[in-house]
There are 2 protein chains.
Amino acid sequence: MANSPGIDQAKEKIILDAAQKRFGHFGLAKTTMTEIAADVGMSKASLYYYYPDKEHLFLAVIEQEMDEFIKALTAMIGEEEPASKKLKQYTSIRHEYFRRLISLAKLGEHTLSAMKASMDVFKQNLEKQEKELIRRIFQEGIKNGEFESFNAKAYADLFVATMQGLRVSVIHKKTLSETKEEDYQLAEQYQKQITAIFLKSISK
Amino acid sequence: MANSPGIDQAKEKIILDAAQKRFGHFGLAKTTMTEIAADVGMSKASLYYYYPDKEHLFLAVIEQEMDEFIKALTAMIGEEEPASKKLKQYTSIRHEYFRRLISLAKLGEHTLSAMKASMDVFKQNLEKQEKELIRRIFQEGIKNGEFESFNAKAYADLFVATMQGLRVSVIHKKTLSETKEEDYQLAEQYQKQITAIFLKSISK
DNA sequence: TTTTGACTTTTAGAACAAAATAGTCAAATC
DNA sequence: GATTTGACTATTTTGTTCTAAAAGTCAAAA
């Protein structure tokens with residue numbers, strides 16, 4: 001009753017997991033509904049009983065990832081740790097999530113971008129949540145005297161946008177040649193350094 | 001004798017300017033050699049006397065822009081000003097150059113990226129020069145006691161990459177809808193803020 | 001309520017032709 | 001000799017049709 005009236009939650013999860021495996025392996029374009037159906041051991045038509053179309057199924061997979069990501073973040077933030085440590089942990093977790101999303105769409109990002117409005121809304125929503133979480137970390141740091149006083153909201157927006165830029169650059173650079181492992185690592189290194197600089201500039 | 005043996009420099013400049021106007025207006029893809037030739041008042045074949053192909057002509061236009069950009073930067077850096085002020089000025093000049101390049105390729109960036117090796121080499125070269133110039137600003141600031149001591153090279157690499165990321169984000173975000181003026185302005189604002197944070201973190 | 005086989009519709013790609021544009025060159029002009 | 005060009009060829013882009021594969025639907029069955 002949580003979803004559509006009386007839809008079997010367990011069955012839905014099974015489909016979701018199968019889809020996740022396929023998408024993670026071959027990306028959105030190279031995965032067919034028939035394949036997913038076969039994996040689950042049901043007919044393609046049944047998939048459409050649970051999900052209106054392929055896009056929604058894909059979105060559901062991504063949303064599941066996002067939920068885990070947000071959950072991990074929220075839990076981490078809830079702990080009794082210095083705000084500075086939390087910010088650093090955010091950087092790691094966020095980069096990891098980025099890599100997972102990339103492999104889902106495969107070569108993706110192009111595919112991701114190509115996907116219409118629904119994806120945009122999804123992204124904006126995530127960005128908003130992230131900015132809010134980072135703002136809280138800043139706020140907390142200010143309150144407990146770890147940081148000096150500053151505009152937490154503005155800094156959070158800037159911080160998230162900056163990290164996003166460093167990640168996007170990775171994808172953007174390579175023309176046809178696929179992105180290399182070292183590119184991801186360089187991006188991660190930059191993200192860590194930026195985090196350190198942010199911290200240095202606001203720490204008491 | 002500076003270029004090919006005995007090529008008319010003035011004529012070349014005329015072609016270059018015409019090409020720049022066309023490219024700036026319609027972008028690379030929507031500009032034909034015939035049009036440029038007509039603008040200049042000569043036959044298309046003559047264009048090929050001066051430039052081996054369309055790509056080289058386009059590259060020459062971009063290189064002219066780059067030369068102006070680098071020249072402006074170098075002059076600015078040569079002045080007797082605090083390193084911090086120079087870094088801020090770099091941010092403005094760089095963003096302006098970015099916008100000019102975008103309009104040259106039009107909707108471009110996609111077009112820019114699509115253009116093969118030569119463009120990649122060009123970009124890498126520019127990036128290298130930029131990083132070197134920024135490194136010098138940092139170095140100078142350290143030497144004259146304006147900044148505390150730090151690894152100028154590493155910071156320059158990070159700084160340039162970060163600014164690049166913020167610019168690239170602008171292009172990347174919009175799926176089909178063209179990039180809006182406010183997007184550019186937000187990116188510029190972020191770049192300025194990041195510059196300020198860098199300065200704050202290294203200033204004595 | 002859930003599942004499915006049989007169905008229709010849509011999309012992606014191959015193959016082809018036509019048109020537009022890039023690029024070449026021998027001869028003419030300066 | 002340097003420069004220019006008309007008339008050419010080569011390549012790329014665009015539009016078309018065709019086809020196979022995949023998406024998506026639905027009435028009937030379980």
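Every value quoted in this text rests on a predicted model; they were computed, and no experiment measured them. Numbers restart at 1 for each chain; the letters A, B, ... are given by sequence-line order, proteins then strands.
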Problem set entry | Euclidean distance, atom NZ of residue K11(B) to atom C1' of dC30(C) [Å, nearest integer] | 11 Å
Problem set entry | Base versus backbone protein contacts along nucleotides 19-25 of chain D [heavy-atom cut-off under 4.0 Å; B, S, -] | ---SBBB
Exercise. Taking OP1 and OP2 of dT5(D), is either one under 4.0 Å from a side-chain nitrogen or oxygen of S46(B)?
Worked result: yes
Exercise. Taking five pairs at each end of the helix from dT1(C)-dA30(D) to dC30(C)-dG1(D), what angle separates the two helix axes (nearest 10°)?
Worked result: 40°
Please tabulate, one pair per line, all N/O donor-acceptor pairs under 3.5 Å involving side-chain atoms of residues 159-167 of chain B, not counting sequence neighbours.
from: T162(B); atom 1: OG1; to: L158(B); atom 2: O; distance (Å): 2.7

For this session: Please say whether more than 12 non-hydrogen atoms of neighbouring residues, nucleotides or ligands are located less than 6.0 Å from NZ in K200(A).
Result: yes
Just list the side-chain donor-acceptor pairs under 3.5 Å for residues 63-74 of chain A, sequence neighbours left out, or say none.
from: Q64(A); atom 1: OE1; to: K13(A); atom 2: NZ; distance (Å): 3.3
from: Q64(A); atom 1: NE2; to: Q20(A); atom 2: OE1; distance (Å): 3.1
from: E65(A); atom 1: OE1; to: R100(A); atom 2: NH1; distance (Å): 2.6
from: E65(A); atom 1: OE2; to: Q20(A); atom 2: NE2; distance (Å): 2.5
from: T74(A); atom 1: OG1; to: I70(A); atom 2: O; distance (Å): 2.6

Taking distance alone, no hydrogens or angles, what donor-acceptor pairs closer than 3.5 Å link side-chain atoms of residues 185-192 of chain B to residues at least two apart or in another chain?
from: Q185(B); atom 1: NE2; to: E181(B); atom 2: OE2; distance (Å): 3.3
from: Q191(B); atom 1: NE2; to: H95(B); atom 2: ND1; distance (Å): 3.0
from: Q191(B); atom 1: NE2; to: A187(B); atom 2: O; distance (Å): 3.4

Exercise. Excluding sequence neighbours, so at least two apart, what forms salt bridge (Lys or Arg N to Asp or Glu O under 4.0 Å) with K54(B)?
Worked result: none
Exercise. Rounded to the Å, how far apart are H56(B) NE2 and dA22(C) P?
Worked result: 16 Å
Problem set entry | Gap between atoms CG and C1', on L47(B) and dT4(D) respectively (whole Å) | 12 Å
Problem set entry | SB check K21(A) D39(A) (cutoff 4.0 Å) | no
Exercise. Atom OH of Y49(B) to atom C1' of dT4(D): distance rounded to whole Å?
Worked result: 9 Å
Problem set entry | Nearest-Å distance for atom pair CD1/C1', residues I14(A) and dT2(C) | 14 Å
Exercise. Does the pair E140(A)/R136(A) count as a salt bridge with the N-to-O cut at 4.0 Å?
Worked result: no
Problem set entry | Criterion side-chain contact (heavy atoms from CB on, under 4.5 Å) against I134(B), the qualifying member of Y155(B), Y90(B), F198(B) | Y90(B)
